[in-house]
Every structure is written in C-alpha cells, then in structure tokens.
Amino acid sequence: MSIAQEIAKIQSDLAPYSSKLIVVTKTRSIDELLSVHACGALDFGENRVQEMVEKQAKLPQNIRWHQIGHLQSNKVKYIAPFIHLIHSVDSFDLLKEINKQAAKNNRVIPCLLQMYIAQEESKFGLDKQEAIEILENPELANLSHIEIIGLMGMATFTNNTNQIQAEFKGLKAIFETFKSQQTGIASNRVHWKEISMGMSGDYLLAAQEGSTMVRVGSAIFGPRA
Ligand SMILES: *Cc1c(COP(=O)(O)O)cnc(C)c1O
C-alpha cells in the first residue's frame, strides 16, 4: 500500500475512537514527509531535535511538530520557536528550561509528562510518585510559559498483547486518578486532556484503552533502516 493508503486505513481504524494520528517521521525523507502532508495529515512526530529542525525549515509551515523522544535541556532552544507539543518531559529541570525558552519566543508550550509503564529497563520516564512531585512542586505556578496537558507512555516492546493492554490500562488509570484528584490544577499550569500512547503494532489497542494520540511510523512507511 502507498503512504496515502496506509494513512487512510489508520484514520479509518481510529475513527470510532477519540484518538488522533501523529505520523512518526523520524529517519524518513523530505519527499516522504511531503507525501504525508499531501494526505492532509498535519501532526508529525520526531525524536531527534536536529532532524526535526532541519525538516521543519524545509516543509510547509502548517505542520504541527511533536517532540516524542528524550529531550536534553540544551536542545530545547532549537525547537522552542515552533514546537506544537513536547511528549517527553521527564524532569522539573527540563520543564523550567522549556519555560525559559518559550518565554523568549513569547509562547506557551504544551507538554506531556512521560510516564514509565514498560517492564524494560531502557525506557525513559517517571513513576507515579515522581510525576506527583513535579505536579505539586510549588514552583510550577511560576512557569507561565508552559502548560502540562497530559501523559505519554511507551509499552514494552513485546508481542504479548495482554501485557501491552495492562500497561495501557495502567497509564489510563494514572491519568484518571490525576484528573479526578485535580493533581497540579492549583498551579494553573495543568489541564488533564491528553494521553499519548500506542505505536504501529498496538495503536488500535491503545485507542480502545483511551489514548487520545497514537504515534505511528513503520505501519505507514515500512520498517526503518
Ligand atoms: C519511533 C517512535 C514511535 C513510532 O514507532 P513505530 O513502531 O515506527 O510506529 C512512537 N513513539 C516514539 C517515542 C518513538 O520513538
């Protein structure tokens, strides 16, 4: 199938759910990204800052860029002028740097806290207690150029659907707890809206489990080199 057909299939799979497609464009060429744009898909996810910045300069300006990979504080300044959503916030220090660079650009940058949900050691992310510490940090109220709008998680890389489903349910449960307990709301910097979970192999399962954004790459473009 072509890129356009793959995108149409995923969008029709997602249509019954309130989950939207972020097309993960890392390692893909400018021509491939232009094909995606031609389909009307406007949310692009990259995990390396340099690659995103280079592509952003060459592509139509109505694309919404999502930072989905681990973000180092010293790289925030390069994406601050245009980034639409940072999915991978995993420390208060990073949040402070995003706030500082957003202020320089006269912007408010939306962020997600990246939660650790997998049974793997290599993944980045916060546990629930660490997230609460960020959300209840009294300094959060001073960060007027960021907004925390939800959570992101990556399931274990496995074929075990039951395990992936349990991890998605776990992330959704944390989200619902934070939402119902209004965790962080007093800072005025937190709005519980989004859950970013689901990738090529499990986007449908994620949508069924309450994801609001799925991040899909190889199901659209084929395997990465
Ligand atoms: C690469 C990547 C994806 C997409 O992975 P696919 O298996 O190609 O769909 C999603 N989320 C993150 C954080 C990634 O780095």
Side-chain angles (χ1 to χ4, degrees), residues 1-72 74-89 98 101-102 104-112 114 124 147 149-150 152-155 157 193-207 211-225:
M1 284 202 279
S2 67
I3 287 175
Q5 286 168 322
E6 296 289 4
I7 288 177
K9 179 192 181 296
I10 295 168
Q11 282 174 335
S12 83
D13 286 346
L14 293 176
Y17 306 97
S18 41
S19 190
K20 81 176 180 182
L21 173 64
I22 315 287
V23 180
V24 175
T25 52
K26 65 190 184 199
T27 76
R28 309 300 174 175
S29 68
I30 294 291
D31 280 347
E32 287 172 298
L33 272 59
L34 284 169
S35 306
V36 172
H37 185 260
C39 302
L42 293 178
D43 289 278
F44 288 24
E46 287 278 338
N47 64 354
R48 292 176 58 203
V49 164
Q50 192 183 338
E51 191 176 339
M52 185 192 294
V53 169
E54 284 171 13
K55 287 172 170 173
Q56 191 271 343
K58 291 179 187 155
L59 286 159
Q61 295 301 300
N62 63 345
I63 291 169
R64 297 182 287 261
W65 293 92
H66 296 250
Q67 173 67 29
I68 61 170
H70 183 66
L71 178 59
Q72 287 172 281
N74 61 359
K75 303 266 173 76
V76 174
K77 57 179 175 285
Y78 302 114
I79 60 172
F82 65 85
I83 194 74
H84 178 72
L85 176 62
I86 299 176
H87 293 230
S88 48
V89 172
I98 296 168
Q101 299 301 334
K104 284 187 188 165
N105 288 279
N106 271 311
R107 301 189 59 210
V108 174
I109 297 182
C111 298
L112 306 178
Q114 182 171 354
F124 294 101
E147 183 185 21
I149 62 168
M152 179 270 224
M154 284 176 84
F157 188 70
K193 295 190 283 202
E194 306 284 354
I195 307 179
S196 168
M197 63 182 187
M199 300 174 29
S200 286
D202 51 33
Y203 66 82
L204 194 53
L205 185 57
S211 167
T212 66
M213 299 177 185
V214 295
R215 310 175 308 267
V216 179
S218 44
I220 295 168
F221 301 104
R224 277 180 294 278

Using the side-chain contact (heavy atoms from CB on, under 4.5 Å) rule, take Lys55 and Leu33 through it: C-alpha gap first, then chi angles, then the decisive distance, then the call.
CA-CA 9 Å; Lys55 287 172 170 173; Leu33 272 59; 3.6 Å; yes

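Considering every non-hydrogen atom in both Ile7 and Cys39, the closest pair reads CD1-SG, 4.2 Å. Listed here is the closest heavy atom pair of Ala102 and Ala80: N-CB, 4.4 Å. Nearest heavy atom pair, residue Ala219 against residue Ser200, reads N-OG, 2.9 Å. In terms of heavy-atom proximity, Ala206 sits nearest to Gly198 at CB-CA, 3.4 Å. When all heavy atoms are compared, the tightest approach of Ile79 to Met52 is CG2-SD, 4.1 Å.
Under a 3.5 Å cut-off, the side chain of Ser88 and the backbone N or O of Gln114 do not form any donor-acceptor pair. Side chain of Ser196 to backbone of Met152: no donor-acceptor contact under 3.5 angstrom is found. A donor-acceptor pair is defined here as one N or O able to donate and one able to accept, closer than 3.5 Å; no such pair exists between the side chain of Glu6 and the backbone of Phe221. Of the possible polar contacts, none joining the Thr25 side chain to the Arg28 backbone as a donor-acceptor pair under 3.5 Å is found. No side-chain donor-acceptor contact under 3.5 Å links Arg224 to the backbone of Lys26.
To the nearest 0.5 Å, atom CG of residue Leu112 and atom CG of residue Leu85 are 4.5 Å apart. Summarising the geometry, atom CG belonging to Leu42 is positioned 5.0 Å from atom CZ belonging to Arg64; distances are rounded to the nearest 0.5 Å. Met199 CE to Ile68 CD1: the interatomic distance, rounded to the nearest 0.5 Å, is 8.0 Å. In this structure, CE on Met213 lies 9.5 Å from NZ on Lys193, to the nearest 0.5 angstrom. Expressed to the nearest 0.5 Å, how far CD of Gln56 lies from CD of Glu46 amounts to 11.0 Å. Put simply, CE on Met154 and CG on Asp202 are 9.5 Å apart, with the number rounded to the nearest 0.5 Å.
Side-chain contact between Gln67 and Val49: present, with at least one pair of heavy atoms (C-beta onward) separated by less than 4.5 Å. Residues Leu71 and Val89 have side chains not in contact (no heavy-atom distance under 4.5 Å, counting atoms from C-beta outward). At least one side-chain heavy atom of Arg107 sits less than 4.5 Å from a side-chain heavy atom of Ile83. Contact check for His87 versus Arg215: side-chain heavy atoms found under the 4.5 Å cut-off. Inter-residue side-chain proximity for Leu21 and Asp43 is flagged as unmet; no heavy-atom pair is nearer than 4.5 Å.
Annotation: Arg48, atom CZ; neighbour count of heavy atoms from other residues, nucleotides and ligands within 6.0 Å does not exceed 12. Counting heavy-atom neighbours within 6.0 Å of Gln61 CD, excluding the residue itself, gives a total above 12. When the shell of 6.0 Å around CZ of Phe82 is examined, it contains more than 12 heavy atoms from other residues, nucleotides or ligands.
No hydrogens or angles considered: a donor-acceptor pair under 3.5 Å links the side chains of Thr212 and Glu194.
Ring planes of Phe44 and Trp65: perpendicular class, angle over 60° (limits at 30 and 60°).
With respect to the salt-bridge test (charged N to carboxylate O, under 4.0 angstrom), the residues Lys58 and Glu54 do not qualify.
No option in Asp13, Val214, Ile195 other than Val214 meets the side-chain contact (heavy atoms from CB on, under 4.5 Å) test with Ser19.
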